[in-house]
There are 2 protein chains.
Amino acid sequence: MATIKDVARLAGVGLGTASRVVSGKGSVAPATAKRVRRAIEQLNFRPSHAARSLLSGSTQMIGVYIPILKGTFYTPILQTIDAELRAGGRHMVVAFGHGSADERRQAIEGVQFLINRDCDGLIVMSNALLEKDIVALGREQPNIVVLNRVFESMRDQCFCADHLHGGAVAAQALLQHQHREFAVIAGPASSQDNVARIAGFMNELRRQGIDPQTVRTIDSDFSPEGGWASAKALLASKHRFTAVFCANDEMAVGALSYFQETGLTVPQRVSVLGYDDTQSAEYSAPRLTSVHIPLREVTVSGLNCLLNRCYDSLLPVQREFPINVTWRASITMPHQQRSATAHPRT
Amino acid sequence: MATIKDVARLAGVGLGTASRVVSGKGSVAPATAKRVRRAIEQLNFRPSHAARSLLSGSTQMIGVYIPILKGTFYTPILQTIDAELRAGGRHMVVAFGHGSADERRQAIEGVQFLINRDCDGLIVMSNALLEKDIVALGREQPNIVVLNRVFESMRDQCFCADHLHGGAVAAQALLQHQHREFAVIAGPASSQDNVARIAGFMNELRRQGIDPQTVRTIDSDFSPEGGWASAKALLASKHRFTAVFCANDEMAVGALSYFQETGLTVPQRVSVLGYDDTQSAEYSAPRLTSVHIPLREVTVSGLNCLLNRCYDSLLPVQREFPINVTWRASITMPHQQRSATAHPRT
DNA sequence: CTGAACATTGGGAACGTTTCCATAGTTCTA
DNA sequence: TAGAACTATGGAAACGTTCCCAATGTTCAG
């Protein structure tokens, strides 16, 4: 690989001049610049990032930690980060957890890995991390932004939609359609955003005169498998409900699948509401009505906040994110359906 | 950030000695090593990758280009690459295309970007790239491996399941269930692996005495939207069929969604077969029977081949990949169903 | 006791940039 | 026309490693 010295030699100029042409800083006589550019072309010279990083102390590299790359939730986030970053000539390096056990250790290791790789900044998503973990990590690399979760000790570096409100929106959607008997398929209790949306849902129910005690909640794990199994458990429990609120779309899809298997048609016999409005909601059978979280805006704001920290730029950052529901086909009025337990074919 | 000089000074040793302890090469007296390690601990020293790269000429970084991160096809690939790489202390940097128009230019730019970032090697997936593009790119960085597609000029760097055979497997699955009237929802004609699986499907049909002319094929785009629209077009065309072969799961899911909307129950009235056996097949409604491609093995083999090139390791590489079908609920015998066009409720 | 073999150590050179300073040449001002 | 103010240029220093060579100390065979 040609170096800038080769370029300088070929162009018959000094090292400094060649460098000035490459980086575009400082003044160079037009004729000289042209000669240098020709040499660059001829040698197919491209500056070494390693050398630049060494000198500048900046790698132009942002690390992203994602607990698991499965399902449709995280992919748009990565896509967004990559696009934004690459537009600015920087790049993204990713570390994934591999799911299953010991997520906390995985998260710590993953983030550590990214820090060791000299990332200028980090974007972290994890429910398994504890407050003290993030604090410890932050000591090594203060440029951290957290998505979809808030740590009290660093609120201004956390970007998260108001899931308490999101839960309320979900409840309203169902109440609006005259539903009064509910079931809930919740995410894991360890997930902060899950508990917020469930709490929001229950609060709104209470506010509208429905006793949260009457709703049967099953805790699951955000996966379609979990949704499927929860739907099964729900039906087995003989609890009466005309609508199910699922804490994310993946579980809703799993539930849809189970209902279909048992001949309980949606929405004719049960209404189903999803959450997140991810791609899996769009073409499920039936298409899933879901609470829409503007994840793109959340991501961009978080990223911008990070870039502002790392490179003192002044990118716009937004802290409030509107939540609404995307209406599709999985919800109808209950007088058009009979209670789920009434005639399950199972 | 502490440097190795600080470590040496604090430990009261020379630069070389400190370096020997850090890298674990060369001999150091146990007592000295201990002092150095303590200094490392105390200063929280971590070696600079930039400096190492500069000296060694290797970044320990593998670039991955993916045309678009949407749906469930590419995510397990990324997950696999990340896990394998990270286990070896290396890391992955990703560049995505943003879909839509001009995929070829996007792919070239994306790969160029990765090359400029000094990746030691590249994994590329793209149907839009031309033979000459990959050749040109290969001149700049010869360590390239291509997944799920084969370029004639670099067969040994391409890892791809035998989709011609995959298509045949698909046909057999349907024929086995007594189907004789078919429709096909195909991927884009520009996609090499798509045309292979369709050709394989048709060949097998012919071999078993069915005229491929009698099957109605609709070209689509691998997306659920496309599958949905194609299913609609299929029904509108009044073509008779008892089974649909979809060239990937995403389109199959879209088709399932459309069939559900129009009351055409699957598999009672139409059988649907997917391809790739991705996660979207697992919890669709009904669960989708799909041709299983061992994508993990393909990915690992490709990656290993690349690592062998980059770091002359001797990781195992596999070139033949078994294809079979994962049976779920979307296929049944046609005498249990009536031809799709017979009574569409539409 | 002597010299050879070996273990341990210190420090300079090099990797490929950018930045800064010094120098030379050129234009402008009074 | 003298000097000031620029512009254009070359090259040394520095970034943080690793590798190599030289130097020192230690052990051991004869």
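Letters A, B, ... are given to chains in the order of the sequence lines, protein chains preceding strands, and every chain is numbered from 1.
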Would you classify A/Ser19 as touching base, sugar-phosphate or nothing, given that sugar-phosphate means primed atoms plus P, OP1 and OP2, and contacts are heavy atoms under 4.0 Å?
base

Atom CZ of A/Arg35 to atom C1' of D/dT9: distance rounded to whole Å?
11 Å

What is the separation between atom CZ on A/Arg9 and atom P on D/dG11, rounded to the nearest whole Å?
12 Å

Has the side chain of A/Gln279 got a donor or acceptor atom that lies under 3.5 Å from a matching backbone atom of A/Gly71?
no

Distance check needed: D/dA12 P versus A/Leu55 CG, whole Å only.
17 Å

Does a side-chain N or O of B/Arg52 approach OP1 or OP2 of D/dT18 to a distance below 4.0 Å, or not?
yes

Mind running side-chain contact (heavy atoms from CB on, under 4.5 Å) on B/Val111 and B/Val124 for me, showing each step along the way?
CA-CA 8 Å; B/Val111 175; B/Val124 174; 4.0 Å; yes

To the nearest angstrom, how far is A/Lys5 atom NZ from D/dG11 atom C1'?
11 Å

Let me know, please, whether B/Leu54 or B/Gly16 comes out on the 5' side of the other along DNA chain D by nearest nucleotide.
B/Leu54

Would one find a side-chain N or O of A/Thr32 under 4.0 angstrom from OP1 or OP2 of D/dT9?
yes

A/Asp6 side-chain N/O to A/Thr3 backbone N/O, donor-acceptor pair under 3.5 Å
yes

Which whole-number value in Å describes the distance from B/Leu15 CG to D/dC21 C1'?
15 Å

Take atom NE2 of A/His49 and atom P of D/dT17, then tell me their distance rounded to the nearest Å.
20 Å

Rounded to the nearest 0.5 Å, the CZ atom of A/Arg37 sits from the CD atom of A/Gln42 at a distance of 14.5 Å

Assess B/Arg149 against B/Phe159: is NZ or CZ under 6.0 Å from the centre of the six-membered ring, and within 45 degrees of the ring's axis?
no

Terminal contacting nucleotides, 5' and 3', DNA chain C versus chain B (heavy atom, 4.0 Å):
C/dT8 to C/dG16

Kindly indicate whether a cation-pi arrangement holds for A/Arg296 with A/Phe321, taking the cut-offs as under 6.0 Å to the six-membered ring centre and within 45° of the axis.
no

Okay, side chain of A/Arg90, backbone of A/Thr59: is any donor-acceptor separation there less than 3.5 Å?
no

Value in whole Å for how far the C1' atom of D/dT17 lies from CZ of B/Arg46:
15 Å

To the nearest angstrom, the NZ-C1' distance between A/Lys34 and D/dA8 comes to 19 Å

Contact class for B/Val22 (heavy atom, under 4.0 Å): base, sugar-phosphate, or nothing?
nothing

Counting just side-chain N and O atoms, does A/Ser27 come under 4.0 Å of either OP1 or OP2 of D/dT7?
no

